Amino acid sequence: MRPWLLLPPKFAHDVTPYALPFISFLHGKKTPEWNSFTWRDMTFKNPLGIAGGVDKNAEHLDDWWKLGCGFVEVGTVTPQSQRANPGKIMDRDLRLRAMWNKMGFPSHGADEVFYNLAFYAPNYRTPIFVNIGKNRNTPNSEAVKDYLSLVDTFRPFADAFVVNISSPNTQGLRDLQKKENLGALLSPILDRVSHFEPTPVLVKLSPDMGEEGLAEAISNCADLGVDGFVLTNTTLSRPAGCHFPAEGGLSGAPLKQLSQRALQIAVQTLGKKREGKLLVSAGGILSPEDVFERLQMGADLVQIYSALVFHGPGFFHDVARSRTK
Ligand SMILES: Cc1cc2nc3c(=O)[nH]c(=O)nc-3n(C[C@H](O)[C@H](O)[C@H](O)COP(=O)(O)O)c2cc1C
């Protein structure tokens, strides 16, 4: 029984924050331990976390921890607060088990997210990744300034940064994935985090570049020295029978194959250079079996968004339980 699926999608999305403390209280056990591992001074009690966009403003860390996350990714955070895109911004298709969104980085801005993270810091239970993005009014030629200001703000709390250059909902953002733009964006970020105790930098990529394009982007990022990848963001492609508009990103079951392929390409492309790099798989992971499959395919960590809608917030503990069956 998933009563929230009877509610209109945007309404369900807006009331979830009020229900979360109650739901997490019911689940409030210890962080389940399975496939635990350590990477760059971070200990992951399990490899399953929330994807970018689930907790954009870092408002519910305690709840995600109680629900059994092995790590959390907050954001996408932008330097200045900004509203969502106008008009309809999200929908879902129960038959296709798909989510559609055109949010465009609604964010309370770096200052507020900083204070939220400071509030949760004393209760620290898992690694925290901070997903960073540029404001929509910042031209790509100045994007690096936005990303650097976010790195400076969040260094005290970020165990790792996820540089988001793959949302389809901020005009021109995906152009930052092109070879001619990658160095100008990533080198200053990597340089900035390398002082004192280096914070790992991961890059979140799009599934819509084609196999060669994706391999090239992975290879270029690796050459620049990034520490890992989140694969993937939402897709602009549409399966047959899909009623969503052409613009906006699709998640859930229709993204599964693309996301799996992206993981395979990353494993192949990195080859021996894989050592020390973190591969995080996201996209179409809707069941415990999907989680284990991605890990078998070579993912170090796995993230979910749509599963929270189609399976529910018990997903993390359900995966842990099916592990021990
Ligand atoms: C409503 C919604 C909002 C999202 N917002 C973000 C975001 O702010 N930043 C980001 O990197 N990814 C965002 N994503 C993409 C997810 O992080 C994830 O990459 C994608 O949904 C695929 O995972 P899934 O199939 O488990 O949903 C969003 C996805 C959805 C459905």
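Note that ligands are numbered from 1 as they come in the structure, with each ligand's atoms numbered from 1 the same way. The figures here come from the full heavy-atom set of this structure, side chains too, leaving out hydrogens, waters and symmetry mates. Here the structure is a predicted model, which is why all the values come from computation and not from measurement.
Here Thr76 has heavy atoms under 4.0 Å from ligand 1 in both its backbone and its side chain.
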_Using the rule given for salt bridge (charged side-chain N to carboxylate O under 4.0 Å, His left out), can you reason through Arg174 versus Asp208, listing the C-alpha separation, both sets of side-chain angles and the distance that settles it, and then say yes or no?_
CA-CA 10 Å; Arg174 287 181 165 190; Asp208 299 330; 2.9 Å; yes
*Assess whether salt bridge (charged side-chain N to carboxylate O under 4.0 Å, His left out) is satisfied between Glu216 and Lys179, documenting all intermediate values.*
CA-CA 8 Å; Glu216 203 188 322; Lys179 185 173 187 184; 5.6 Å; no
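Residues Lys88 and Asp91 are paired through a salt bridge, judged by an N-O separation under 4.0 Å between the basic side chain and the carboxylate.
Checked by distance only, ligand 1 and Ile304 stay at 3.5 Å or farther apart across all their nitrogen or oxygen atoms. Of the polar atoms of Gly284, at least one N or O is found under 3.5 Å from an N or O of ligand 1, judged by distance alone. Every N/O-N/O distance between Thr234 and ligand 1 stays at or above 3.5 Å. By the 3.5 Å distance cut-off applied to N or O atoms, Lys56 is counted among the residues near ligand 1.
Considering Arg40, Arg274, Lys277, Lys273 in turn, Arg40 is the only one that fulfils the salt bridge (Lys or Arg N to Asp or Glu O under 4.0 Å) rule with Asp227.
At a 4.0 Å cut-off, at least one heavy atom of Gly252 sits close enough to ligand 1 to count as contact. The closest approach between any non-hydrogen atom of Thr232 and ligand 1 is below 4.0 Å. Using 4.0 Å as the threshold, Ala307 has no heavy atom nearer than that to any atom of ligand 1.
For atom 1 (C) of ligand 1, the closest non-hydrogen atom on the protein side is Tyr305 OH, 3.3 Å. Looking only at heavy atoms of the protein, atom 27 (O) of ligand 1 is closest to Ser306 OG, 2.7 Å. In terms of protein heavy-atom proximity, atom 13 (C) of ligand 1 is nearest to Gly52 O, 3.1 Å. Residue, atom and distance of the protein heavy atom nearest to atom 12 (N) of ligand 1 are Lys204 NZ, 3.0 Å.
Here the shortest heavy-atom distance to atom 15 (C) of ligand 1, taken over Asn233, Ile50, Leu286, belongs to Asn233. If you check each of Ser251, Ala253, Ser259 against atom 31 (C) of ligand 1, the one with the closest non-hydrogen atom is Ser251.
Contact atoms of ligand 1 toward Leu255: 22 (C) (distance under 4.0 Å to a heavy atom of the residue). Numbered from 1 in the order shown, with element, the atoms of ligand 1 that lie under 4.0 Å from a heavy atom of Asn164 read 9 (N), 10 (C), 11 (O). Per-residue contacts place Asn131 under 4.0 angstrom from the following atoms of ligand 1 (heavy atoms of the residue considered): 9 (N), 10 (C), 11 (O). Heavy-atom proximity to Gly53, at under 4.0 Å, picks out these atoms of ligand 1: 4 (C), 5 (N), 6 (C), 7 (C), 8 (O), 9 (N).
Side chain of Asp146 to main chain of Asn135: a donor-acceptor pair is present (N/O by atom type, distance under 3.5 Å, no hydrogens or angles). A distance-only check finds a donor-acceptor pair linking the side chain of Arg294 to the backbone of Gly283 [under 3.5 Å]. Remark: side-chain polar atoms of Arg192 are not paired, donor with acceptor, to backbone N or O of Asp152 under 3.5 angstrom. Looking at Asn169, its side chain does come within 3.5 Å of a backbone N or O of Asn101 through a donor-acceptor pair.
Relative ring orientation between Phe292 and Trp34 is described as perpendicular, the plane-to-plane angle rising above 60° on a 0-90° scale split at 30° and 60°. The aromatic rings of Trp65 and Tyr124 sit tilted, their planes meeting at an angle between 30° and 60°.
The neighbour count for Phe37 CZ, taken as heavy atoms of other residues, nucleotides or ligands under 6.0 Å away, is above 12.
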